[in-house]
Amino acid sequence: MEQPQVKRFYKDVSVDEVADGWQVSLDGRAIRTQGSKQPQIVPSRVLADALASEWQDQGDKIDPGLFLFRDHADFAIDIVRADRDAAIDKLIGYAETDTLCYRADPEDALYRHQQDRWEPLVEHLEDRFGMRFQRVSGIVHRPQAEETLAALRHHLETLDDFALAGVTAMASLAASLCIALLASEEAVNDPMSLWRDANLEEEWQADRWGRDEEAEAVRKRRADDFSAAQAFTTLAATR
């Protein structure tokens with residue numbers, strides 16, 4: 001459903017350094033979050049500049065679809081900061097049913113494709129965090145080891161509110177904490193390759209049975225959302 005557009009109500013957009021970070025102002029009035037109306041203060045100048053550009057680039061009417069980063073910033077402040085434990089618990093839930101750990105039956109042609117694409121990604125995280133994921137063939141759930149979940153939780157607890165917000169958005173879209181963590185790494189050169197990895201089975205089925213125009217449009221929107229969440233995470237971490 002399209003969101004209603006309102007007339008642009010400001011002329012000047014500025015970025016100011018404040019006590020806890022950076023904040024965008026419209027005609028000298030500092031922006032607050034949409035939910036709790038807290039000051040929308042972000043940790044990096046580059047993220048603040050990106051938020052300012054979203055306001056500056058609006059036309060005569062405000063188009064909510066042009067705000068790629070605003071909602072992520074508000075989520076970090078209004079939701080994550082209010083209850084970090086709940087945010088981390090939600091992310092651990094994605095690890096317990098991670099897409100990269102649930103694979104086709106070994107006799108299925110898709111299984112080898114998953115092994116080739118997913119196994120190096122999972123092994124990378126295992127080496128990084130010193131733990132091991134349970135791989136599953138088929139759809140029967142198998143719980144991850146408590147040591148694995150504890151290692152992931154420890155890492156997530158080191159992330160700030162904005163990183164957790166970005167990782168949450170990516171994990172939700174990809175149905176994979178593994179993909180979200182990999183996409184948030186500075187060493188990853190092509191996060192959209194990770195997005196394609198997360199959607200490997202869906203793409204496999206589309207290639208076999210044909211592509212539907214409406215479904216392709218949905219996939220495109222989700223890919224764009226993932227890209228925006230990854231960019232938000234990178235900008236928030238850039239000091």
Side-chain angles (χ1 to χ4, degrees), residues 1-94 153 156-175 177 180-181 183-184 218 221-239:
M1 182 179 297
E2 289 189 8
Q3 300 182 51
Q5 295 184 359
V6 300
K7 186 176 180 180
R8 180 168 174 156
F9 54 88
Y10 58 91
K11 291 183 179 180
D12 298 322
V13 181
S14 60
V15 174
D16 303 300
E17 187 173 11
V18 295
D20 297 322
W22 302 86
Q23 189 169 24
V24 177
S25 294
L26 306 177
D27 291 338
R29 298 180 62 181
I31 291 178
R32 293 179 176 271
T33 62
Q34 301 170 86
S36 64
K37 307 303 180 184
Q38 296 184 68
Q40 192 195 65
I41 298 172
V42 298
S44 72
R45 175 63 192 256
V46 291
L47 177 56
D49 286 341
L51 291 167
S53 293
E54 292 182 345
W55 289 101
Q56 189 66 60
D57 293 343
Q58 295 286 346
D60 293 335
K61 291 186 177 180
I62 303 297
D63 181 359
L66 298 179
F67 291 116
L68 299 180
F69 304 131
R70 180 189 64 174
D71 291 349
H72 293 303
D74 286 357
F75 184 82
I77 296 167
D78 288 343
I79 305 301
V80 174
R81 185 172 297 165
D83 194 342
R84 283 178 56 87
D85 288 341
I88 291 172
D89 285 344
K90 182 177 181 179
L91 285 168
I92 293 298
Y94 289 115
R153 183 179 297 275
L156 294 171
E157 288 171 347
T158 69
L159 303 182
D160 66 23
D161 300 332
F162 292 84
L164 282 176
V167 169
T168 297
M170 289 188 287
S172 175
L173 288 161
L177 179 58
L181 291 176
S184 65
V218 171
R221 286 196 298 272
R222 289 172 60 81
D224 290 345
D225 289 343
F226 182 88
S227 179
Q230 192 278 334
F232 171 85
T233 307
T234 299
L235 291 171
T238 303
R239 301 294 195 267

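Heads up: numbering here begins at 1 and tracks the sequence. Values below: every heavy atom of this structure, side chains too, minus hydrogens, waters and symmetry copies.
Ring geometry for Phe162 against Phe232 counts as tilted: the plane angle lies between 30° and 60°, on a 0 to 90° scale.
A distance-only check finds a donor-acceptor pair linking the side chain of Thr33 to the backbone of Gln38 [under 3.5 Å]. A donor-acceptor pair is defined here as one N or O able to donate and one able to accept, closer than 3.5 Å; such a pair exists between the side chain of Arg8 and the backbone of Gln58. The backbone N or O of Lys37 sits less than 3.5 Å from a side-chain atom of Arg32, completing a donor-acceptor pair. Distance alone, capped at 3.5 Å, places no donor-acceptor pair between the Gln23 side chain and the Val18 backbone. Judged by distance alone, the side chain of Thr233 and the main-chain N or O of Ser184 form no donor-acceptor pair under 3.5 Å.
Counted within 6.0 Å of CG on Asp27, heavy atoms from surrounding residues, nucleotides or ligands total more than 12; the atom is thus considered enclosed. Other residues, nucleotides and ligands place more than 12 heavy atoms under 6.0 Å from the CG atom of Asp57.
Between the CG atom in Leu164 and the CZ atom in Arg84 there is a gap of 5.0 Å [rounded to 0.5 Å]. How far CG of Leu91 is from CE of Met170: 10.0 Å, rounded to the nearest 0.5 Å. Ser172 contributes atom OG, which lies 10.0 Å from atom CG of Asp225 (distance to the nearest 0.5 angstrom). The structure places CG of Leu47 at 9.0 Å from CG of Asp49, a figure rounded to the nearest 0.5 Å. Atoms NZ and NZ, on Lys7 and Lys61 in that order, are 9.5 Å from each other to the nearest 0.5 Å. Taking CD from Glu17 and CH2 from Trp22, the interatomic distance works out to 3.5 Å, rounded to the nearest 0.5 Å.
Minimum interatomic distance between Phe9 and Trp55 (heavy atoms only, all atoms of both residues): CZ-CZ3, 4.1 Å. Across every non-hydrogen atom of Ala183 and Phe226, the tightest pair is CB-CZ, 3.9 Å. Closest of all the heavy-atom pairs between Ala236 and Pro43 is O-CG, 3.6 Å. Counting all heavy atoms, side chain and backbone alike, Leu51 lies closest to Gln40 at CD1-OE1, 3.9 Å. Closest approach of Ala165 and Ala76 over heavy atoms only: CB-CB, 3.7 Å.
Taking the side-chain hydrogen bond (donor to acceptor under 3.5 Å, both in side chains) definition, one finds that Thr234 meets it with Gln230, sequence neighbours left out. In this structure, the side-chain hydrogen bond (donor to acceptor under 3.5 Å, both in side chains) partners of Gln34, at least two apart in sequence or on a different chain, are Arg70, Asp71, Asp74.
With respect to Asp161 and Arg81, a salt bridge is recorded, a charged nitrogen being found less than 4.0 Å from a carboxylate O.
Using a 4.5 Å cut-off on side-chain heavy atoms (C-beta onward), Thr238 and Arg45 make no contact. At a threshold of 4.5 Å between non-hydrogen side-chain atoms, the residues Ser25 and Asp16 count as touching. Put simply, the side chain of Ile62 reaches to within 4.5 Å of the side chain of Phe67, judged on heavy atoms.
Here the options are Asp89, Ile92, Thr168, the test is side chain to side chain contact (heavy atoms under 4.5 Å, CB included), and the partner is Leu156; only Ile92 passes. No option in Val42, Val13, Ile41 other than Val13 meets the side chain to side chain contact (heavy atoms under 4.5 Å, CB included) test with Val24.
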